[in-house]
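First comes the structure, then the notes that go with it.
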Amino acid sequence: MNSIFLPDIFVETVFDMDLNQLKSEGVKAFIFDIDNTLATYAMPVADEKTHLWLKALQDQGFGVYIVSNNDRERVRIFSEAAQVDYYGKALKPLSFFLKKACRKMGVKPCETVLVGDKLFTDIWGGNLLGMKTVLVKPISEVEDGFVKFKRRFERRILAKMKK
């Protein structure tokens, strides 16, 4: 099944991505969602493991950006603590802020991996731009009602893909 909603890669956590493989495929940068991708909704800042991992990505020469649909203040607090550039209220799957993040990092969308936990925002948005997309398993099951509603449709799409 070929779908604009399907990721190129599935992983349990962001730490499970094969960075050497991605680098060998020409990846130069990563764009991350925050909530349920890098942290739970309740975490105002990244835990130490995530913070060090983001820094290690940068030390390896990868561009790193956070593009989240969450409110700007939430994204600012999280991203500044992690020392990563960011855009909040990004309206993914719309591409404006994804393109802008690529330009700021000096990379093309095809050299960028978009990493997130939602098919209808993160994966769709990345796929529309020709980015490599990585779907992570949500860190927590605690989500608001609208996200839970969308998850039912996501499960249907993923189930069809597994057939």
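Computation of the quantities below employed the complete heavy-atom set of this structure, encompassing side-chain atoms and omitting hydrogens, waters and symmetry-equivalent molecules.
- In this structure, Lys49 is positioned above the aromatic face of Phe15, its NZ or CZ under 6.0 Å from the six-membered ring centre and within 45° of the axis.
- Under the 3.5 Å distance criterion, the side-chain polar atoms of Thr112 are matched with a main-chain donor or acceptor of Lys108.
- No more than 12 heavy atoms of other residues, nucleotides or ligands lie within 6.0 Å of NZ in Lys99, so this atom counts as exposed by the packing criterion.
- Under the 3.5 Å distance criterion, the side-chain polar atoms of Lys132 are left unmatched by any main-chain donor or acceptor of Leu22.
- Met17 and Leu38 fall within a single hydrophobic cluster, where Ile, Leu, Val, Met, Phe, Trp and Tyr are joined by side-chain heavy atoms under 4.5 Å apart, directly or via other members.
- A pairwise comparison of heavy atoms in Met131 and Asp8 identifies O-OD2, 3.8 Å as the closest pair.
- Asp122 places a side-chain N or O within donor-acceptor distance of the main-chain N or O of Asp117, the cut-off being under 3.5 Å.
- The two residues Met43 and Asp47 come nearest to each other via the heavy atoms CE-N, 3.6 Å.
- Between Val134 and Pro7 the shortest side-chain heavy-atom distance does not fall below 4.5 Å.
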Problem - Derivation of the side-chain contact (heavy atoms from CB on, under 4.5 Å) call for Phe30 and Tyr65 - result: CA-CA 6 Å; Phe30 291 87; Tyr65 230 94; over 6 Å; no
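- When side chains are defined from C-beta on, Val67 counts as touching Phe97, because their heavy atoms get closer than 4.5 Å.
- Connection of Val45 to Val75 is not established within any shared hydrophobic cluster, with ILVMFWY side chains joined at heavy-atom distances below 4.5 Å, either directly or through further cluster members.
- With a 6.0 Å cutoff to the six-membered ring centre and a 45° limit on the axis angle, Lys137 does not count as a cation-pi contact of Phe10.
- With a 4.5 Å cut-off on side-chain heavy atoms, Ile31 and Cys102 count as touching.
- Rounded to the nearest 0.5 angstrom, Leu94 CG and Leu128 CG are separated by 9.0 Å.
- Atom OG of residue Ser68 and atom CD1 of residue Ile34 lie 4.5 Å apart, to the nearest 0.5 angstrom.
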Exercise for the section: Show the numbers, then the answer: is there a side-chain contact (heavy atoms from CB on, under 4.5 Å) between Trp124 and Lys92? Expected result: CA-CA 8 Å; Trp124 188 11; Lys92 292 177 290 182; over 6 Å; no
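- Neither Phe32 nor Leu98 shares a network with the other; the hydrophobic side chains, linked directly or stepwise wherever heavy atoms of I, L, V, M, F, W or Y lie under 4.5 Å apart, form separate groups for each.
- Here the CZ-OG distance, from Arg74 to Ser79, works out to 8.5 Å after rounding to the nearest 0.5 Å.
- Hydrophobic clustering (side-chain heavy atoms under 4.5 Å, transitive across Ile, Leu, Val, Met, Phe, Trp, Tyr) keeps Val27 apart from Leu114.
- A single hydrophobic cluster is seen to contain both Val136 and Leu19, as judged by linkage of ILVMFWY side chains at heavy-atom distances under 4.5 Å, directly or through other members.
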Practice task
Let me see the working for Glu48 and His51 under side-chain contact (heavy atoms from CB on, under 4.5 Å), right down to the final yes or no.
Solution key: CA-CA 5 Å; Glu48 184 176 4; His51 179 81; 5.6 Å; no
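- A heavy-atom distance below 4.5 Å is not found between the side chains of Asn127 and Leu129.
- Annotation for Ala82 and Leu54: closest pair CB-CD1, 4.1 Å, computed over non-hydrogen atoms.
- Side-chain contact between Ile9 and Thr133 is absent, with no heavy atoms from C-beta onward closer than 4.5 Å.
- The pair Lys89-Asp71 does not count as a salt bridge, with every side-chain nitrogen at least 4.0 angstrom from each carboxylate oxygen.
- When all heavy atoms are compared, the tightest approach of Pro44 to Ile77 is O-CG2, 3.9 Å.
- The side-chain heavy atoms of Leu91 and Phe96, taken from C-beta on, include no pair separated by under 4.5 Å.
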Practice task
Would you sort out whether Phe78 and Tyr86 count as a side-chain contact (heavy atoms from CB on, under 4.5 Å), showing the intermediate values?
Solution key: CA-CA 9 Å; Phe78 185 93; Tyr86 61 92; over 6 Å; no
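- The two residues Ile139 and Thr37 have their closest heavy-atom pair at CD1-O, 3.4 Å.
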Exercise for the section: Carefully, step by step, assess Asn69 and Thr121 under the rule side chain to side chain donor-acceptor pair (under 3.5 Å). Expected result: CA-CA 9 Å; Asn69 286 352; Thr121 55; 4.7 Å; no
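- No side-chain heavy atom of Tyr87 sits less than 4.5 Å from a side-chain heavy atom of Ile66.
- Considering every non-hydrogen atom in both Val115 and Val113, the closest pair reads CG2-CG1, 3.7 Å.
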